[in-house]
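Worksheet for the structure shown next.
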Amino acid sequence: MIQRMAKVEILGLKDVALEAIDAIHELGTLHIEDLSEKIPKLGGKRISRMEIDPKYADQVATLNTLRSKVGDMIRDLQLAVQEIPKAEVQKEYDAIWSEDADVMISRIERIIEEVEQEIKEPLDRKAELMMELSRLETYAPIMQKIQPLVERVSRIEDMASIALVIERKFKAILNYLNDEISKITEGECEIISEDVDEESTAALVVFNRRFLKQVHDFLAVQDVNQVRLPSDLAKKPLEEALAEIRARISKIPEELEKIEEHLKEATIKYAIKLIAARNAIHDRIEVIEAVPKFAQTDQVFIISGWLPEDCVEELEKVMLEKFGNKVVVTVTDIREEEELEETPVALKNRPFVRYFEIIYLLSKYPKYGTVDPTVVFAIFFPIFFGIMVGDIGYGVVITALGYFVHRKFRNKPLLSMGGYVLTISGAWTIFFGILYFELFGDLLEKALHHWHVELPLLGSKHSFIAFPINRLEAFTLMMLVSCALGFIHIGVGLVIGMINGYREGNTKHVMEKAGGLIFLIGILIAGLGLAKYIPKFFGPVGIVLALIGVVMATAGAGMGGLIETIVSAGNVLSYARLIAVGLASVILAQVSNDLTRQLWHGVFGVIVGIVVAVLLHTLAVVIAMFSPSIHALRLNLVESFNKFFEPAKFRYEPFRKTGGEE
């Protein structure tokens, strides 16, 4: 259900404005209304937007700098924020927080200074080692390739060499370099190359030493990388330099491991303080930046917003205790259409229904003052899902998986809600699986046949209704059931539309929805009469009712109402997808079983058959979780919700301390 909201105006003397904002923030129940755009309507020139004191603007700048530093530290220490106990963070948060922003800034600066002393040097050293390791790991394979080439060159008098690294895809540039350097060295040049790996090639340019400067100058302007060893290795023999590089590569990880151990200790020591500091900074900035949303006169500040009706008394009590008659809270009625549009929406449902609020990831909340359709979704979505999948085995798997996700991820609302919806949907899948007598397809039917038990258990093969229901054969029955569900589902949507229209005082809206409902009832009666399921004279009665419905809908919403009403009859037929998707599920399961039976010969065949069965039924379960979910969602959002749903402009988002975690 949609929680009843109250609109309040808080007026107080400006000398307690920031303290009052702090108190509202601490209480965390008021959804702030941005008055900056409504000031012209509030009282002319005397009322203006509340401005941030320059002192507070400086504080925001300081806090943003601190937030950046704290954020960097959290990233550097790789803090697992979700795993840190919230109670301990809250305790440290309370120790940091102060209504005096300067005091709070001072506390946070001390924490940052303490952490920097502990981690700055190790982090700098870690960065240096990582860079060195990366560089050395690049040098090692290149030097290993060019070492034999250099040794050959070193035995030739008056010859110099320069090592290059080139991407393999640009290897053709070596021909160009050879031609140009040959011109520079008067033909006393040779380039020898070796592929280092799949991406790079090492090359050694050998030339007469007297052209060393000219060759260096030429290569400096070419798009090639020269292999330049660190200064401490450059003058050493290549073999000795290579050995030293390998030694460093093996030693650096040990140094890094020691640094990581030190940083891990620092993480344990400072994690809670840093998270609490981050949260406090966020909340303090949020308080200061909220100021321009409020209004002021020369002497008074004005704050406006909404909160649940049952929270008004607590707000009044807090304001009275902290500020006495310096602050006054006034409750105003939410009556005008514009006020209903602006009122934020909060939902308050029982646990069973609350988990189905996951639908509002795909849709906005319902408008304030209208009916909350969550309960409709909570009833019909699992039933539609169960009808389509309808298999005991699949239902057990889906229920177990859903329950596991729901329990395992209780701290992650989205996953927990999704797991719960799957659990309920899986339970309905088991129920309809019993009606269809399906267990991983036709396994139950084959087992009974093996035990010489003939189906159906109740009724006969020629009965219109029998138990179990064979979905592949009982097409007419399933079609009628699907259309009946469609009629009920759309009918519920139209009834809710009538209630919404009545609540809003919109008579034409009520007439349109009532006309649509009467039209559907008329079509149903006429159809049953003509099909002789009820006495034949009901046929004309149904037609008259349908015509009355069309007239009412047209009177209520004009040509749009007429078209929408007629289309609603076609919407009922859209529920035939419940059969189509269900038949696809049955056929896939039976194909899995038939293929397994064909392989079921000999030990090897049995093993392959089991593997095939598991893979295909797993695929079927995965498809069963996604395809029916999409179709069940569509039937709710498109066929039913379209009959009544009016989206809210705003969700209820109270001005409260969150630490930026929401």
Between D391 and G441, is there a donor-acceptor pair closer than 3.5 Å when you use the side chain of the first and the backbone of the second?
yes

Between D372 (side chain) and M1 (backbone), is there a donor-acceptor pair under 3.5 Å?
yes

Please confirm whether the backbone N or O of T370 pairs with a side-chain atom of R503, one donor and one acceptor, at under 3.5 Å?
yes

With sequence neighbours excluded, residues passing salt bridge (charged side-chain N to carboxylate O under 4.0 Å, His left out) with E19
none

Counting C-beta onward and ignoring hydrogens, is there a side-chain heavy-atom pair between I469 and M478 closer than 4.5 Å?
yes

Looking at S568 and I490, what are the two nearest heavy atoms and their distance?
O-CD1, 4.1 Å

Nearest 0.5 angstrom please: L439 CG to I430 CD1, how far?
10.5 Å

Sorted by chain and residue number, the ring-ring contact (aromatic ring centres under 6.0 Å, His included) partners of H509 (sequence neighbours excluded) come out as none

Minimal heavy-atom distance between V389 and A624, with the atoms involved, is CG2-O, 3.7 Å

Take I387 and I383 through the test side-chain contact (heavy atoms from CB on, under 4.5 Å) and record every step on the way to the result.
CA-CA 6 Å; I387 287 175; I383 292 175; 4.0 Å; yes

Has S627 got a side-chain atom pairing as donor or acceptor with I623's backbone, closer than 3.5 angstrom?
no

Contacts of I303 that satisfy side chain to side chain contact (heavy atoms under 4.5 Å, CB included) - sequence neighbours left out:
I10, I21, I24, L30, I32, F294, F301

Assess the residue pair L578 and L485 against the criterion (side-chain contact (heavy atoms from CB on, under 4.5 Å)); give the C-alpha distance rounded to whole Å, side-chain angles, the decisive distance to 0.1 Å, and a yes or no.
CA-CA 10 Å; L578 296 174; L485 278 170; 4.2 Å; yes

Check whether more than 12 heavy atoms from other residues, nucleotides or ligands sit under 6.0 Å from atom CZ of F352, and answer yes or no.
yes

I need the F385 CZ to L635 CG distance, nearest 0.5 Å.
13.5 Å

Where do H406 and R410 come nearest, in terms of heavy atoms and distance?
O-CG, 3.3 Å

Taking side chain as C-beta onward, heavy atoms only, is V375 less than 4.5 Å from N349?
no

Can you tell me if OH on Y360 sees more than 12 non-hydrogen neighbours from other groups inside 6.0 Å?
yes

Less than 6.0 Å separating the ring centroids of Y575 and F384?
yes

So V492 and S640, do their side chains get closer than 4.5 Å, heavy atoms only?
no

Just say parallel, tilted or perpendicular for the rings of H489 and F380, cut-offs at 30° and 60°.
tilted

Quick check for you: to the nearest 0.5 Å, what is the distance between T429 atom OG1 and I392 atom CD1?
11.0 Å

Sidechain-backbone polar pair: T554 side chain, V550 backbone, donor-acceptor under 3.5 Å:
yes

Side chain Y394, main chain G426, donor-acceptor under 3.5 Å:
no

I'd like to know whether K293 forms a salt bridge (Lys or Arg N to Asp or Glu O under 4.0 Å) with E33, so could you lay out the CA-CA distance, the side-chain angles of the two residues, the decisive distance to 0.1 Å, and finally the verdict.
CA-CA 7 Å; K293 294 181 180 180; E33 179 183 21; over 6 Å; no

Closest contact, heavy atoms only, R284 versus W97
NH2-CZ2, 3.5 Å

Measure the spacing between CD1 of I47 and OG1 of T297 and express it to the nearest 0.5 Å.
7.0 Å

Cationic N near anionic O, under 4.0 Å, D22 to K322
no

Partner set under salt bridge (charged side-chain N to carboxylate O under 4.0 Å, His left out) for K649, not counting sequence neighbours
E342

CE (M5) and CG (D310) are apart, to the nearest 0.5 Å, by 9.5 Å

I'd like to know if the side chain of N500 and the backbone of V371 have a donor-acceptor N/O pair within less than 3.5 Å.
yes

Take L401 and M625 through the side-chain contact (heavy atoms from CB on, under 4.5 Å) test and state the conclusion after the steps.
CA-CA 11 Å; L401 179 61; M625 284 193 292; 3.7 Å; yes

Between T332 and V8, is the side-chain contact (heavy atoms from CB on, under 4.5 Å) condition met? List the steps.
CA-CA 6 Å; T332 61; V8 298; over 6 Å; no

Side chains of L547 and V551: does their closest heavy-atom pair fall under 4.5 Å?
no

Under the salt bridge (charged side-chain N to carboxylate O under 4.0 Å, His left out) test, residues paired with E639 that sit two or more places apart:
R634

Taking T423 for the side chain and Y403 for the main chain, is one N or O donor matched with an acceptor at less than 3.5 Å?
yes

For K513 and G497, which heavy atoms make the closest approach, and how far apart are they?
CG-C, 3.8 Å

Contacts of R577 meeting salt bridge (charged side-chain N to carboxylate O under 4.0 Å, His left out) (sequence neighbours excluded), chain-then-number -> none

Residue pair E286 / F655, side-chain heavy-atom distance below 4.5 Å:
yes

With a 4.5 Å limit on heavy-atom distance, are the side chains of I275 and N279 in contact?
yes

Close side-chain approach of C483 to L573, heavy-atom, < 4.5 Å
yes

Might you confirm whether atom CD of E314 has over 12 heavy atoms from other residues, nucleotides or ligands at distances under 6.0 Å?
no

Is a side-chain donor-acceptor pair under 3.5 Å present for K643 with N571?
yes

Find the distance between CD (Q3) and NZ (K348) and round it off to the nearest 0.5 Å.
5.0 Å

Could you pull out the closest heavy-atom pair between A546 and F519, with the gap in Å?
O-CD1, 3.4 Å

In the structure I gave you, are the side-chain heavy atoms of P373 and F644 within less than 4.5 Å of one another anywhere?
yes

Assign the ring pair H31 / F650 to parallel, tilted or perpendicular, where the plane angle (0 to 90°) is split at 30° and 60°.
tilted

